[in-house]
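Okay, so here's the structure we're looking at.
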Amino acid sequence: MDILWLAPLAGLIGLVFAAIFAIYTLRQESGSEKMDAISNAIQEGASAYLNRQYRTIAVVAIIIAIILFVALSHAFPHGASDSGRVAIAFLAGAACSAAAGYIGMFVSTRGNVRVAKAAESGLRKALTIAFRGGAVTGLSVVGLALLGTAALYIIYGANPEAVDLIVGYGFGASLISLFARIGGGIYTKAADVGADLVGKVEAGIPEDDPRNAGVIADNVGDNVGDCAGMGADLFETYVVTAIAAMLIGGLITKRGMVKAIFPNIASNFALIEYPLVLGAVAIFASIIAIFAVRMDKSERIMPALYRGVATAAVLSMVMFYPVTAVLIGTDAHAIAIYLSAVIGIITMALMVIVTEYFTQIHAPVRAIVEASKTGAGTNLITGLAMGMLSTGLPVIIISGSILAAYFIPLYLTGNNLAGLYGIAITAVAMLSTTGIIIALDSYGPITDNAGGIAEMADLPPQVRERTDKLDAVGNTTKAVTKGYAIASAAIAALALFSDYLHKVDLPAASFSLFNPLVLVGLLLGGLLPFIFSAIMMRAVGRGAFKIVEEVRRQFREIPGIMEGKAKPEYGKCVEIVTTAALKEMIVPGMIAVVVPIAVGLFSPIALGGLLIGVIVSGLVLALMMANGGAAWDNAKKMIEDGYLGGKGSDAHKAAVIGDTVGDPFKDTAGPAINPLIKAMNMVAILFSTLFVAYSLMPMSP
């Protein structure tokens, strides 16, 4: 069997195991009638939102597919035939991305009540159910991503020209990811911030208290934001990164340099197929690693989860070598590319460690807790400072990885294209463990919802204590996943940027800091993530304001709510945030499409500067927001565990304010910068031929 067929086969096997874990999760006991009623309300709200979101996006996707078909009909050798295949790939990417998110959300909203029920008897079974429920999302994402990318590549001819056509698949994934991240982020944080402000701060009632009309919307938001949104985000990152590496491999092939750089390579197309096969063996590693997540007698949760990540990382590094030997060879040139893959795994591990340090209960979080003694002002100042400080080590790690991945192949092969390919392979390897990493992330909303159900269903206090332990770890796993996604997005975007430069064939003298077009592009690109984030933060603020007003109205107008004698109108808050999210996601979503086209038609050189500016400022801003927000959240939880007077104390009130600022940082604006960066790069690559043909400014100085 041709080793390339291992890729679609691994994708199918990943989906089979996703189904097995889904069946396992859904067969667990769901609990009392009251618990089921709460879970059903969360399911209905999440499904209603995603259905409306996808219907809205579908209209946009069809319009863009038509534009791709018409606009690119003269950009490919076979005209409308090729542009039609790009449009089909685009729609396939959008559909698979949506499906991956929907599958994960379906299981997540049903696993929550089963985790709450399992927590009645102890932590061990509850952890297993939550993690395997999260693994459904992880394996669905990597399974559909690898299956779709490999299948289209094979169907379209399995050659360098086929790679240019499947760029549409990556763009479709980017579009869904962008809207899912924006819409889901606005939904989840508008509900969360609004419910916290009026519940915890004003009314003085606990989190997830059934008297708060916003709690169902809050629990729905956990799923549409952290589960469906993250699933779509990493689906897109996985696909786009693989395509970026395939494009560079295709470039080397088109230039007839394959044998010159890699003398013992198996075939001329091996560099194109190598990223797909790396992803295939990593799926097998992730499946094995999921079974390695088991709690020992100490009942420590985080070591059990990290055991799974470590297993996936080690197995992947081991299995990457025979794949490299078969496809590229065993000489020094091939070993250089294998080392680039190893660098990707090491980068993933380092990002997990650094993110965990800045967001778990270590010195940075403790500093925020101590600052809460003197009020919300000092809490906010310290939280912002820690968020900014947390960007340093990740940027150093990413920079070191890029340099090592470039210079090792360059030194051993003597060719700079081998260095660019090394960077792309580092990104591919880093994302190869996406299955287990998304399982960590999707574990979070399941345990968060389980705690909410325990609170609302009046389960014994020890049940809530157990779900709180699971949820506290979930905050860190979600932060780790975001840090991982941001770092991989930066490296992948650099590979995509290299693809763009080669597509438009920019003269070296043109793309220089002495060229004002480049400088203007850099400034605009550096500005864009800030404007994008500001639009999203304001959207969260407006949505939260409406939730606060609605919950206040119900407290005021519905007698008996505070005494527990009347049931709040949960559906009103769900409808408010659903409408707000769908309305607010359009403008920031279109920025990623309209801006690069407009700048590219003005000057492809300026667009090159824009892409670099977006990558640099977007990386640092996203890290600051994601890490700072998670640190604020865990500082609040540390106080709620009894430190500085616990719940209801002045320090707790200050920490809640900090958390309300950090929430849209870590769950709305920060994560959405990832798909913004990659979507803009995909648009640039897709329309590069048109930019060269119709730009207003000359290509040379």
Side-chain angles (χ1 to χ4, degrees), residues 9-28 100-101 103-108 110-112 114-115 118 123-147 226-227 230-231 234-235 238 278-296 300-320 345 348-349 352 429-447 450 470 473-474 476-478 480-481 484-485:
L9 177 63
L12 285 172
I13 291 173
L15 293 176
V16 168
F17 273 91
I20 290 170
F21 290 135
I23 292 169
Y24 167 83
T25 303
L26 298 177
R27 281 184 175 174
Q28 304 304 310
I103 291 168
M105 186 277 301
F106 181 90
V107 175
S108 176
R110 286 156 179 80
N112 50 21
R114 290 161 172 82
V115 172
L123 272 175
R124 189 167 299 180
K125 188 173 183 181
L127 171 65
T128 300
I129 296 171
F131 187 73
R132 292 191 179 178
V136 175
T137 307
L139 292 178
S140 297
V141 166
V142 295
L144 284 169
L146 188 59
L147 177 61
D226 278 324
C227 189
M230 178 58 81
L234 279 173
F235 177 95
Y238 188 101
L278 287 184
V281 297
I283 285 182
F284 299 133
S286 293
I287 291 170
I288 295 169
I290 289 168
F291 289 102
V293 176
R294 294 180 180 275
M295 187 180 290
D296 57 24
R300 293 187 301 160
I301 301 169
M302 209 68 200
L305 297 177
Y306 281 159
R307 189 179 302 117
V309 177
T311 301
V314 172
L315 287 177
S316 294
M317 284 193 292
V318 170
M319 289 193 285
F320 285 169
I345 297 293
M348 179 273 291
V352 168
M430 187 175 178
L431 281 159
S432 65
T433 56
T434 292
I436 191 86
I437 296 293
I438 294 184
L440 290 181
D441 181 81
S442 297
Y443 156 94
I446 294 174
T447 57
L470 293 167
V473 171
T476 300
T477 61
K478 287 186 284 187
V480 163
T481 307
Y484 164 82

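Numbers for residues simply follow the sequence, beginning at 1. Note that the structure is predicted; figures quoted are calculated from it, not measured.
Atoms CG and CE, on Leu305 and Met302 in that order, are 6.0 Å from each other to the nearest 0.5 Å. Between Ile283 atom CD1 and Leu278 atom CG the span is 11.5 Å, to the nearest 0.5 Å. The OG atom of Ser442 lies 11.5 Å from the CD1 atom of Ile437; values are rounded to the nearest 0.5 Å. Here Ile287 contributes atom CD1 and Phe284 contributes atom CZ; the two are 6.5 Å apart, rounded to the nearest 0.5 Å. Ile20 contributes atom CD1, which lies 9.5 Å from atom CG of Leu139 (distance to the nearest 0.5 angstrom). Here the OG1 atom belonging to Thr434 is positioned 6.5 Å from the OH atom belonging to Tyr238, to the nearest 0.5 angstrom.
Of all non-hydrogen atoms in Leu146 and Gly11, the two that sit nearest each other are CD2-N, 4.3 Å. In plain terms, the two heavy atoms of Arg294 and Ala304 that are nearest each other are O-CB, 3.5 Å. Nearest approach of Val142 to Gly435, heavy atoms of both residues: CG1-N, 3.4 Å. When all heavy atoms of Met348 and Thr433 are compared, the closest pair comes out as CE-OG1, 3.8 Å. What you find for Ile436 and Ala312 is that their closest heavy atoms are CG2-CB, 3.8 Å.
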### Task
Carefully, step by step, assess Val107 and Thr137 under the rule side chain to side chain contact (heavy atoms under 4.5 Å, CB included).
CA-CA 8 Å; Val107 175; Thr137 307; over 6 Å; no
#### Entry: side chain to side chain contact (heavy atoms under 4.5 Å, CB included) between Ile301 and Phe131, intermediate numbers included
CA-CA 11 Å; Ile301 301 169; Phe131 187 73; over 6 Å; no
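For Ser286, there are no side chain to side chain donor-acceptor pair (under 3.5 Å) partners two or more places apart in sequence or in a different chain.
Counting only heavy atoms from C-beta outward, the side chains of Ile345 and Ser432 approach each other to under 4.5 Å. Side-chain contact between Leu440 and Tyr443 is absent, with no heavy atoms from C-beta onward closer than 4.5 Å. The shortest side-chain heavy-atom distance between Leu127 and Leu470 falls under the 4.5 Å cut-off. With a 4.5 Å cut-off on side-chain heavy atoms, Leu431 and Leu234 count as touching. Tyr484 is not listed as a side-chain neighbour of Val352, based on a closest heavy-atom distance of 4.5 Å or more. Side chains of Ile446 and Ile129 form no contact here, defined as non-hydrogen atoms less than 4.5 Å apart. Taking 4.5 Å as the limit, every side-chain heavy atom of Phe235 sits out of range of all side-chain heavy atoms of Ile438. Annotation: side chain of Val480 is in contact with side chain of Tyr306 (closest heavy-atom distance under 4.5 Å).
Using the six-membered ring where Trp is involved, Phe291 and Phe21 have ring planes that are tilted, between 30° and 60° apart.
Remark: side-chain polar atoms of Arg132 are not paired, donor with acceptor, to backbone N or O of Thr25 under 3.5 angstrom.
In this structure, Arg110 forms a cation-pi arrangement with Phe106, its terminal cationic atom sitting closer than 6.0 Å to the ring centre and no more than 45° off the ring axis.
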